[in-house]
Amino acid sequence: MGSGSEGEGAPLLFETKEAKWKNAYRLFSISMFIGISMIWVYRINHIPLNVQERWVWILLFLSELWFGFYWVITQSVRWNQVYRSTFRDRLSHRYKDKLPSVDIFVCTADPTIEPPMMVINTVLSVMAYNYPTEKLSVYLSDDGGSDLTFYALLEASEFSKHWIPFCKNFSIEPRSPAAYFSTNPDSFVDVEGLSSIKKLYEEMKDRIETAVRLGQIPEEIRPKHKGFSEWTSVLSRRDHPTILQVLIDGRNPHAVDIDGGTLPTLVYLSREKRPIHHHNFKAGAMNALIRVSSKITNGEIILNVDCDMYSNNPESVRDALCFFMDERNGHEIAFVQFPQTFDNLSKNDIYGGSFHMIKEVELPGLDGCGGAPYIGTGCFHRREALCGRKYGEEFDFEYEESVPNRVQEGATELEETAKILADCTFEEGTQWGKEMGLKYGCAVEDVITGLAIHCRGWKSVYFNPTRKGFLGIAPTTLGQTLVQHKRWSEGDFQIVLSKHGPLSYGVGRMKLGHQMAYCIYCFWAVNCFATLYYSVLPSLYLLKGISLFPRITSPWFLPFAYVIITEILSSIGEFLYYGSTLQCWWNEQRIWMYKRTTSYLFGFIDTILNLFGFANSGFDITAKVTDQDVSKRYEKDIMEFGNSSPMFIILATLAMLNLYCLFWGLERMIMDAKISIFESLFLQVLLCGFLVLINLPIYDGLFFRKDNGSLPTSVKVKSIILALSACFLMLYY
Ligand SMILES: O=c1ccn([C@@H]2O[C@H](COP(=O)(O)OP(=O)(O)O[C@H]3O[C@H](CO)[C@@H](O)[C@H](O)[C@H]3O)[C@@H](O)[C@H]2O)c(=O)[nH]1
Ligand SMILES: [Mn+2]
């Protein structure tokens with residue numbers, strides 16, 4: 001692929017544009033750096049003589065060193081952003097019947113958190129891609145080992161015979177039935193066609209949801225497919241043999257839709273699980289899929305989506321191929337990553353789930369300095385690169401010989417022979433999870449795998465088209481958001497500490513800018529300390545009336561003012577420029593604080609415990625269903641607490657502490673009524689005031705709200721006592 005002779009010299013299949021204002025930004029960035037350095041100089045030159053103040057001073061200096069250093073690494077992604085666009089017409093015209101085959105992997109892990117209806121909507125959306133069906137295969141990996149999910153997939157295989165021709169005949173978008181029907185397709189031409197397909201869908205939905213509600217498959221359905229008998233040997237979801245069922249065999253001439261068109265191959269896989277074998281979460285599932293699919297369809301390109309990420313754009317496969325098959329640059333591209341976008345975001349994006357800056361600024365920046373990271377879903381891979389081939393090297397599958405050739409086999413024999421590839425013991429003594437497939441032992445299997453691919457000499461591309469390629473479900477409570485970020489920050493921190501981190505293995509294998517860019521995420525966790533110091537110490541010293549920053553009239557005030565004001569203005573500017581709102585920016589600042597003081601702290605601690613063998617990192621699956629009350633509050637952008645998690649105790653304590661410090665500190669200043677005190681404490685008042693403003697939803701949750709999403713009394717009591725003790729210690733000790 002990509003090296004075909006016919007296209008040499010032909011127009012490119014994709015185009016790359018650089019960001020506007022690049023040079024202006026670079027100048028601005030240099031001026032910021034000067035400002036930051038001046039702050040460091042101020043700290044070094046003004047170390048107080050008083051011993052007690054001295055340690056606080058040094059901690060603040062270390063925090064500022066850290067913030068400055070972190071700011072420097074974030075410049076890597078602002079230095080050279082690139083934006084990609086594709087020419088699908090050229091691709092279709094040039095490669096008509098020579099398009100590669102594509103295997104699509106959908107992962108699910110739990111039928112309660114990830115309802116089968118949602119899973120099959122994702123499956124149906126990718127089955128209906130605008131791509132030759134005989135070259136398209138969809139694999140569902142079910143780590144939940146659930147016959148309910150299997151049943152839903154069986155229903156979907158029947159429904160697809162109607163759905164796929166319907167989508168293609170009327171060119172509808174999006175192709176997830178649930179998403180499509182919820183768009184109120186009023187203007188639709190063929191009213192009868194629409195209502196009949198909708199009826200089929202509703203009936204199917206009804207059957208599946210009834211089965212899910214009852215927790216079992218209707219007896220009359222069982223005899224309809226041999227697959228159900230496999231569940232007799234399932235002891236539990238953690239203890240069962242491999243279940244592999246080819247539900248639609250694309251090679252079978254009878255596997256056709258209602259218009260007689262070929263159907264894509266559809267496969268259900270639940271890999272073997274045994275209590276004594278670690279299953280390595282999603283990475284383990286993906287590796288089993290890579291091997292099993294290599295036996296059945298062996299697509300050259302692999303698309304990986306989470307079960308909640310339906311395809312929103314039927315052209316995405318062709319978009320991705322424009323990169324892989326481009327005659328000049330395609331051969332070095334290992335994967336094409338689409339952004340993670342969500343269709344359940346609330347108006348003001350209270351949990352920062354839109355990842356606005358990551359999508360619009362950071363990922364294009366990473367793309368510009370060596371390659372976008374692999375972020376787990378909405379990513380097209382070259383199979384060979386994912387399997388561990390170095391760029392430019394010949395490739396062969398080591399497991400290829402062990403199983404007879406697929407072409408001579410029928411679906412049933414194929415199931416038997418391919419099954420062993422998903423057994424627990426298959427990976428023993430092999431490079432799977434190390435040099436082959438997705439890497440094990442890291443909470444962000446995706447990022448570490450992408451990094452390894454970059455270290456093997458490959459490039460990758462970030463593609464963010466106007467019509468989004470995939471839409472998923474973002475967490476709808478504060479707790480879930482913080483837990484998800486704990487997993488991410490922990491995983492990313494594990495990477496930098498591992499042998500294969502950007503600062504160890506990456507040296508000499510990656511460009512400096514690319515290493516720095518990865519470090520933005522790898523050092524997320526470390527940010528907790530500087531942020532905690534900064535949100536506690538200046539406020540406590542305000543309470544005591546001791547200044548830790550230059551007074552307003554001092555020339556040293558200028559660098560602080562410059563850095564603070566320009567940082568705020570430029571970040572607001574970026575937000576507005578990329579189409580977001582001021583309110584979203586404000587909410588983003590809040591969630592950024594909350595993540596840094598809780599998720600990152602816990603992520604840091606767990607990584608260290610893990611390193612010394614005291615803990616094992618798990619994979620807390622993010623919930624994709626929300627109860628009605630909670631989702632009503634979410635839609636109104638009301639922050640959801642609802643339990644007494646230790647994370648909330650930290651947040652509430654910090655909020656209370658700053659509230660006390662602001663009021664008592666201000667009160668003292670007013671009593672003293674000396675303008676000079678105000679001048680010297682100005683920045684501390686500002687910082688403390690900012691922290692109080694940002695924490696308004698917490699005071700609301702502690703004292704005013706009565707609903708189930710507010711903060712429980714125990715959190716109120718604990719946070720008040722903790723914050724008061726800190727203040728008294730500060731004042732009288
Ligand atoms: O043992 C497991 C655990 C999870 N999953 C699947 O992994 C996907 C992602 O899990 P989710 O709970 O939705 O986590 P998120 O935090 O939303 O996932 C993001 O972060 C993960 C890494 O932490 C990546 O794997 C994901 O692709 C990325 O979307 C889902 O489809 C799960 O079904 C499995 O297949 N097996
Ligand atoms: Mn998810």
Side-chain angles (χ1 to χ4, degrees), residues 104-116 118-123 126 139-146 149 237-238 268-271 273 277-290 302-310 335 337-345 351 353 355 358-359 373-379 381 422 437-451 470-477 479-495 521 524 595 599 603 606 616-626:
I104 302 177
F105 299 168
V106 180
C107 293
T108 184
D110 188 320
T112 20
I113 303 184
E114 304 174 329
M118 178 193 80
V119 176
I120 63 162
N121 266 290
T122 300
V123 167
V126 293
Y139 293 79
L140 176 68
S141 154
D142 180 15
D143 268 352
S146 160
T149 306
R237 58 197 291 185
R238 293 269 148 69
Y268 173 90
L269 171 69
S270 183
R271 63 191 163 124
K273 290 249 183 92
H277 290 276
H278 192 3
H279 62 82
N280 294 301
F281 311 109
K282 185 179 159 190
M286 286 287 292
N287 286 345
L289 282 169
I290 295 175
I302 290 172
L303 162 64
N304 158 219
V305 288
D306 292 347
C307 58
D308 60 347
M309 278 254 159
Y310 65 86
F335 57 90
Q337 177 69 59
F338 285 64
Q340 285 207 19
T341 22
F342 305 99
D343 68 352
N344 67 327
L345 293 178
Y351 304 121
F355 301 126
I358 296 190
K359 274 186 332 220
Y374 165 34
I375 50 172
T377 176
C379 189
H381 285 272
L438 278 85
K439 280 180 178 277
Y440 294 158
C442 177
V444 288
E445 76 297 326
D446 42 2
V447 179
I448 195 169
T449 302
L451 178 67
F470 303 90
L471 287 177
I473 298 177
T476 53
T477 68
Q480 277 169 26
T481 308
L482 295 179
V483 167
Q484 186 182 51
H485 274 267
K486 180 197 158 257
R487 163 152 47 80
W488 289 345
S489 66
E490 178 178 347
D492 288 332
F493 191 43
Q494 286 170 343
I495 298 180
Y521 309 101
W524 262 351
K595 283 176 201 164
S599 309
D606 271 12
N616 254 328
S617 54
F619 191 127
D620 297 316
I621 299 170
T622 311
K624 279 116 190 150
V625 271
T626 320

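Whatever order the structure lists ligands and atoms in, that order sets their numbers, starting from 1. Because only heavy atoms are used, hydrogens play no part in the values below, and waters and symmetry mates are left out as well, while side chains stay in.
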Quick one: table the atom pairs, ligand 1 N or O against protein N or O, below 3.5 Å, distance rounded to 0.1 Å.
{"unit_1": "ligand 1", "atom_1": "12 (O)", "unit_2": "Thr622", "atom_2": "N", "d": "2.7"}
{"unit_1": "ligand 1", "atom_1": "12 (O)", "unit_2": "Thr622", "atom_2": "OG1", "d": "3.4"}
{"unit_1": "ligand 1", "atom_1": "12 (O)", "unit_2": "Lys624", "atom_2": "NZ", "d": "3.4"}
{"unit_1": "ligand 1", "atom_1": "13 (O)", "unit_2": "Lys624", "atom_2": "NZ", "d": "2.6"}
{"unit_1": "ligand 1", "atom_1": "14 (O)", "unit_2": "Arg487", "atom_2": "NH2", "d": "3.3"}
{"unit_1": "ligand 1", "atom_1": "16 (O)", "unit_2": "Gln484", "atom_2": "NE2", "d": "2.9"}
{"unit_1": "ligand 1", "atom_1": "16 (O)", "unit_2": "Arg487", "atom_2": "NH1", "d": "3.0"}
{"unit_1": "ligand 1", "atom_1": "16 (O)", "unit_2": "Arg487", "atom_2": "NH2", "d": "3.1"}
{"unit_1": "ligand 1", "atom_1": "17 (O)", "unit_2": "Gln484", "atom_2": "NE2", "d": "3.1"}
{"unit_1": "ligand 1", "atom_1": "20 (O)", "unit_2": "Trp488", "atom_2": "NE1", "d": "3.0"}
{"unit_1": "ligand 1", "atom_1": "23 (O)", "unit_2": "Ala443", "atom_2": "O", "d": "3.2"}
{"unit_1": "ligand 1", "atom_1": "23 (O)", "unit_2": "Arg487", "atom_2": "NH1", "d": "2.7"}
{"unit_1": "ligand 1", "atom_1": "23 (O)", "unit_2": "Trp488", "atom_2": "NE1", "d": "3.4"}
{"unit_1": "ligand 1", "atom_1": "25 (O)", "unit_2": "Lys282", "atom_2": "NZ", "d": "3.2"}
{"unit_1": "ligand 1", "atom_1": "25 (O)", "unit_2": "Glu445", "atom_2": "OE2", "d": "2.4"}
{"unit_1": "ligand 1", "atom_1": "27 (O)", "unit_2": "Lys282", "atom_2": "NZ", "d": "2.7"}
{"unit_1": "ligand 1", "atom_1": "27 (O)", "unit_2": "Asp306", "atom_2": "OD1", "d": "3.2"}
{"unit_1": "ligand 1", "atom_1": "27 (O)", "unit_2": "Asp306", "atom_2": "OD2", "d": "3.1"}
{"unit_1": "ligand 1", "atom_1": "27 (O)", "unit_2": "Gly376", "atom_2": "O", "d": "3.2"}
{"unit_1": "ligand 1", "atom_1": "29 (O)", "unit_2": "Asp306", "atom_2": "OD2", "d": "2.7"}
{"unit_1": "ligand 1", "atom_1": "29 (O)", "unit_2": "Gln340", "atom_2": "NE2", "d": "3.0"}
{"unit_1": "ligand 1", "atom_1": "31 (O)", "unit_2": "Cys107", "atom_2": "O", "d": "2.8"}
{"unit_1": "ligand 1", "atom_1": "31 (O)", "unit_2": "Cys307", "atom_2": "N", "d": "3.3"}
{"unit_1": "ligand 1", "atom_1": "33 (O)", "unit_2": "Cys107", "atom_2": "O", "d": "3.3"}
{"unit_1": "ligand 1", "atom_1": "33 (O)", "unit_2": "Ala109", "atom_2": "N", "d": "3.2"}
{"unit_1": "ligand 1", "atom_1": "33 (O)", "unit_2": "Glu114", "atom_2": "OE1", "d": "2.9"}
{"unit_1": "ligand 1", "atom_1": "33 (O)", "unit_2": "Glu114", "atom_2": "OE2", "d": "3.1"}
{"unit_1": "ligand 1", "atom_1": "36 (N)", "unit_2": "Asp143", "atom_2": "OD2", "d": "2.7"}

So Trp488 and Tyr521, do their side chains get closer than 4.5 Å, heavy atoms only? no

From Thr122, Val106, Val119, residue fulfilling side-chain contact (heavy atoms from CB on, under 4.5 Å) relative to Tyr310: Thr122

Among Asn344, Thr626, Thr622, side chain to side chain donor-acceptor pair (under 3.5 Å) partner for Thr476: Thr626

Any sub-3.5 Å donor-acceptor pair from Thr377's side-chain atoms to Asp306's backbone N or O? yes

Is the backbone of Cys307 close enough, under 3.5 Å, to the side chain of Lys624 for a donor and an acceptor to pair up by distance? no

Backbone N or O of Lys282 within a donor-acceptor pair of the Glu445 side chain at under 3.5 Å? no

